[in-house]
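Down below is the structure, laid out as structure tokens.
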Amino acid sequence: MSVPLLKIGVVLSTMAMITNWMSQTLPSLVGLNTTKLTAANAGNLDRSTGVLPTNPEESWQVYSSAQDSEGRCICTVVAPQQTMCSRDARTKQLRQLLEKVQNMSQSIEVLDRRTQRDLQYVERMENQMKGLESKFKQVEETHKQHQARQFKAIKAKMEELRPLIPVLEEYKADAKLVLQFKEEVQNLTSVLNELQEEIGAYDYEELQSRVSNLEERLRACMQKLACGKLTGISEPVTVKASGSRFGSWMTDPLAPEGDNRVWYMDGYHNNRFVREYRSMDDFKNSDNFTSHRLPHPWSGTGQVVYNGSIYFNKFQSHIIIRFDLKSETILKTRSLDSAGYTNVYHYAWGGQSDIDIMVDENGLWVVYATNQNAGNIVISKLDPNTLQILKTWTTGYPKRSAGEAFMICGTLYVTNGYSGGTKVHYAYHTNTSTYEYIDITFQNKYSHISMLDYNPKDRVLYAWNNGHQVLYNVTLFHVIRSDEL
């Protein structure tokens with residue numbers, strides 16, 4: 001912008017000098033040293049100066065003005081009457097002077113056009129600079145917003161990773177314990193090797209005691225490693241899309257090695273046929289199955305298969321039935337006399353989900369609600385053989401507000417809903433009879449969860465999500481203290 005402005009200054013300065021020269025020099029060149037100012041011209045001294053001869057009819061009249069109304073330099077020459085002699089010396093001088101003035105007027109006109117052009121260029125540049133300034137501001141604001149979004153995303157990721165820090169620290173401690181066990185095993189191995197060389201040199205009872213003690217400690221360590229507090233749920237893995245909107249599917253956590261059967265129950269009421277698939281691959285890739293007919297239809301989606309038997313809530317009742325799948329006979333029934341049923345205290349999605357049977361590392365459980373507990377969740381530990389209630393815990397969480405629930409390592413985890421955005425936000429710990437509110441999100445991919453159960457053998461969550469059979473991996477945080485071993 002500085003170069004066009006400099007050009008304008010030079011042009012205006014040049015125009016002023018030419019105008020000044022004309023006003024002072026032309027009268028003397030023409031011989032008009034005697035001047036008169038008429039009354040009319042006296043009132044326009046701020047705009048122009050008139051130079052008049054003694055006899056206007058016998059000479060040229062030259063008027064000069066620094067600027068017109070548009071800022072251009074104006075030079076005006078009035079010729080004498082035609083009766084004047086055109087061949088005298090003065091006439092020739094005036095003609096030459098007129099040509100010079102005309103040339104200067106043309107030069108000034110060119111300068112004016114250039115000045116106007118430069119001025120337009122400057123104005124365009126000014127508009128462009130303003131536009132660039134506006135764009136820079138927009139880019140700066142967009143950059144700040146982008147940085148804010150990136151910072152927010154990084155912060156959210158750090159919040160997700162923060163619970164893993166103590167987990168890693170505890171894994172370090174676990175590694176030290178395992179190393180200690182390894183050293184003790186090596187020591188015992190060394191002792192056994194020496195005993196083979198020198199029979200009778202050691203007390204066998206003492207050696208047996210050391211081996212038994214180590215075995216018990218290892219078993220306790222493995223049991224604690226298998227359990228822990230839920231800290232995360234993975235992205236869903238869709239195994240199959242089949243059946244109606246509601247249902248349940250599962251595997252047996254106590255099935256012997258090589259028994260990978262999948263059990264499938266479509267619907268939540270007035271159905272009594274259970275499908276058996278030989279493996280997860282068969283379930284995923286084919287419709288080859290064996291059908292088992294139950295003696296009674298079931299209610300809800302809270303069924304489990306445990307140690308070869310299926311446990312389910314009998315349709316329109318508070319009765320739990322244990323049905324042996326091999327012999328296809330009822331092994332045991334038990335009535336939960338105070339439990340609500342047939343949509344009295346169901347989960348938020350309905351579906352006669354009043355009584356929910358679950359399994360975890362500690363055994364068989366049933367979750368329900370009672371009038372005595374004001375419709376809030378009740379947890380009972382069951383004997384898997386007799387269905388006798390071993391112990392009961394009452395919570396303050398309304399069952400109708402729960403989306404679904406599942407047990408892991410003696411802790412009941414409750415979701416805040418069954419559709420849309422879903423998270424686990426309540427946990428009740430039966431080992432301490434305490435509860436806490438948590439915030440563990442997981443993806444509700446198909447927007448309607450009607451069954452969510454944990455399998456301690458696979459350490460995954462089985463879900464029925466709007467006609468899709470889905471699996472979730474879980475992350476458990478565990479703490480092993482040396483004084484517990």
Review point. Does a donor on one side chain sit under 3.5 Å from an acceptor on the other, for Thr411 and His429?
Key: yes

Point to revise | Aromatic ring pairing Tyr426/Tyr397, orientation class (parallel under 30°, perpendicular over 60°, tilted between) | key: tilted

Practice item. Answer yes or no: is there an ion pair linking Lys229 with Glu436, defined by an N-O contact shorter than 4.0 Å? Key: yes

Check your understanding: Ser380 and Thr392: side-chain donor and acceptor closer than 3.5 Å?
Key -> yes

**Study point:** Exercise: identify the closest heavy-atom pair between Leu476 and Ile408
**Key:** CD2-CG2, 3.9 Å

Exercise for review: Would you check if Leu364 and Leu387 make a side-chain contact, meaning some heavy-atom pair closer than 4.5 Å?
Suggested key: yes

Exercise for review: Would you tell me whether Tyr277 and Ser286 have side-chain atoms, one donor and one acceptor, within less than 3.5 Å of each other?
Suggested key: no

Point to revise | Residue Tyr472 excluded, over 12 heavy atoms near OH under 6.0 Å | key: yes

**Study point:** Where Asn313 and Ile357 come nearest, the two heavy atoms and their spacing
**Key:** N-CD1, 4.3 Å

Study note, to complete from the structure: The residue among Val378, Thr370, Val366, Asp354 that forms side-chain contact (heavy atoms from CB on, under 4.5 Å) with Leu336 is Val366

Exercise for review: Apply side chain to side chain donor-acceptor pair (under 3.5 Å) to Ser335 and list each qualifying residue two or more places apart in sequence or on a separate chain.
Suggested key: His318, Asp337

Practice item. For Gln303 and Ser248, test the side chains for any donor-to-acceptor distance below 3.5 angstrom and give the result as yes or no. Key: yes

**Study point:** Spatial distance of atom NE2 (His448) from atom OG1 (Thr422) [nearest 0.5 Å]
**Key:** 10.5 Å

Exercise for review: Output the distance between atom CG (Leu331) and atom CG (Asn385), rounded to the nearest 0.5 Å.
Suggested key: 9.0 Å

Check your understanding: If you count the non-hydrogen atoms of other residues, nucleotides and ligands that lie under 6.0 Å from CZ in Arg278, is the total more than 12?
Key -> no

Check your understanding: Does a donor on one side chain sit under 3.5 Å from an acceptor on the other, for Tyr462 and Asp458?
Key -> yes

Review point. Going by atom types alone, do Glu276 and Thr290 pair a side-chain donor with an acceptor below 3.5 Å?
Key: no

Check your understanding: Are any of the side-chain heavy atoms of Leu325 and Ser309 separated by less than 4.5 Å?
Key -> no

Review point. Below 6.0 angstrom between ring centroids: does that apply to Tyr268 and Trp298?
Key: no

Check your understanding: What are the two closest heavy atoms between Asp266 and Asn271, and how far apart are they?
Key -> O-ND2, 2.9 Å

Check your understanding: Cut-off 3.5 Å, side chains only: do Ser338 and Gln372 have a donor facing an acceptor?
Key -> no

Review point. Is it true that the side chains of Asn444 and Asn465 contain a donor and an acceptor less than 3.5 Å apart?
Key: yes

Check your understanding: Quick one: does Trp464's side chain have a donor or acceptor within less than 3.5 Å of a partner on Ser244's backbone?
Key -> yes

Point to revise | Heavy-atom check, side chain of Trp349 versus side chain of Glu404, under 4.5 Å | key: yes

Practice item. Give, for atom CE of Met250 and atom CD of Gln469, the distance between the pair rounded to the nearest 0.5 Å. Key: 10.5 Å

Practice item. Give, for atom CG of Leu230 and atom CZ of Phe442, the distance between the pair rounded to the nearest 0.5 Å. Key: 10.0 Å

Review point. Just wondering, do Phe312 and Arg322 contact through their side chains at under 4.5 Å, heavy atoms?
Key: no

Review point. Given the side-chain rings of Phe323 and His296, with only the six-membered ring counted for Trp, is the space between their centroids under 6.0 Å?
Key: no

Review point. Do NZ/NE/NH1/NH2 and the carboxylate oxygens of Arg261 and Asp252 come within less than 4.0 Å?
Key: no

Study note, to complete from the structure: OG (Ser447) and CZ (Arg245) are apart, to the nearest 0.5 Å, by 9.0 Å

Practice item. For residues Gly228 and Cys409, report the shortest heavy-atom separation together with the two atoms involved. Key: N-SG, 3.3 Å

Check your understanding: Asp356 and side-chain hydrogen bond (donor to acceptor under 3.5 Å, both in side chains): which partner among Trp365, Tyr347, Tyr368?
Key -> Tyr347

Check your understanding: How about Lys457: does its NZ atom have over 12 heavy atoms from other parts shown lying under 6.0 Å from it?
Key -> yes

**Study point:** Trp249 and Phe283 aromatic centres sub-6.0 Å
**Key:** yes

Review point. Any luck finding a side-chain donor-acceptor pair between Asn260 and Thr251 under 3.5 Å?
Key: no

Point to revise | Pair Phe406 and Tyr454, ring centroids less than 6.0 Å apart | key: no

